[in-house]
Amino acid sequence: QVQVVESGGGLVQPGGSLRLSCAASGISLDLNVMGWYRQAPGKQRELVALLTSGGYTNYTDSVQGRFTISRDNAKNTVYLEMNRLIPGDTAVYYCNLKGKTTFTRRPYDSWGQGTQVTVSS
């Protein structure tokens with residue numbers, strides 16, 4: 001069974017940086033679409049960053065130039081580098097991985113459990 005595990009969240013001061021990690025385990029996977037989303041209390045979940053296997057990236061305007069999504073193919077891991085953090089970045093961050101199993105080519109679509117990011121003095 002595919003399991004997606006997120007890590008790297010925590011409390012950081014405004015202007016600081018964090019790196020979130022999202023690792024898939026349990027089976028060999030070929031990732032096609034990788035995304036980071038966030039949700040603050042009382043607000044809709046929003047897309048933060050998107051990455052495709054072809055290298056296409058997309059960022060929401062509020063994080064453009066500050067966040068970077070990247071991938072380590074060998075480790076089935078997706079990262080979100082967050083720089084110059086502001087209080088408005090405070091939210092639970094979720095990763096979403098879409099692709100196929102390497103050997104059987106079965107599709108999958110899995111979400112991580114979420115990791116809290118709090119930007120505050």
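Under a 3.5 Å cut-off, the side chain of T101 and the backbone N or O of R106 do form a donor-acceptor pair. For S28 (side chain) and T102 (main-chain N/O), no donor-acceptor pair under 3.5 Å exists by modelled atom type. Side-chain atoms of N96 never come within 3.5 Å of backbone atoms of D109 as a donor-acceptor pair (strictly under, hydrogens ignored). Without hydrogens or angle criteria, Q113 side chain to V5 main chain gives no donor-acceptor distance under 3.5 Å.
Contact between M34 and L97 at its shortest, heavy atoms only, is CG-CD2, 3.7 Å. In plain terms, the two heavy atoms of V92 and G114 that are nearest each other are CG1-CA, 3.9 Å. The two atoms that bring A23 and T77 nearest to each other are CB-OG1, 3.8 Å, heavy atoms only. Nearest heavy atom pair, residue A40 against residue A91, reads N-CB, 3.9 Å.
Here the OG atom belonging to S53 is positioned 8.5 Å from the CG atom belonging to L31, to the nearest 0.5 angstrom. Atom NZ in K98 sits 9.5 Å away from atom OG in S110 (nearest 0.5 Å). Atom OH of residue Y79 and atom CZ of residue R71 lie 12.0 Å apart, to the nearest 0.5 angstrom.
By the salt bridge (Lys or Arg N to Asp or Glu O under 4.0 Å) test, D30 pairs with R105, sequence neighbours left out.
For residues 83-93, the side chain to side chain donor-acceptor pair (under 3.5 Å) pairs, not counting sequence neighbours, are S17-N83, R38-D89, R38-Y93, R66-D89. Legend: disulfide bond (SG atoms under 2.5 Å apart) pairs involving residues 83-121, not counting sequence neighbours, sorted by first then second residue: C22-C95.
Under the 4.5 Å side-chain heavy-atom criterion for ILVMFWY residues, a single connected hydrophobic cluster contains both L18 and F67. In the hydrophobic cluster analysis, where Ile, Leu, Val, Met, Phe, Trp and Tyr join through side-chain heavy atoms closer than 4.5 angstrom, L29 is grouped together with I69. No path of Ile, Leu, Val, Met, Phe, Trp and Tyr side chains, each step under 4.5 Å between heavy atoms, connects L20 with L50, placing them in separate hydrophobic clusters.
In summary, the side chains of Q116 and T118 do present a donor paired with an acceptor at a separation below 3.5 Å, with no hydrogens or angles considered.
In this structure, R45 satisfies the cation-pi test against W111, with its NZ or CZ atom closer than 6.0 Å to the six-membered ring centre and inside 45 degrees of the ring normal.
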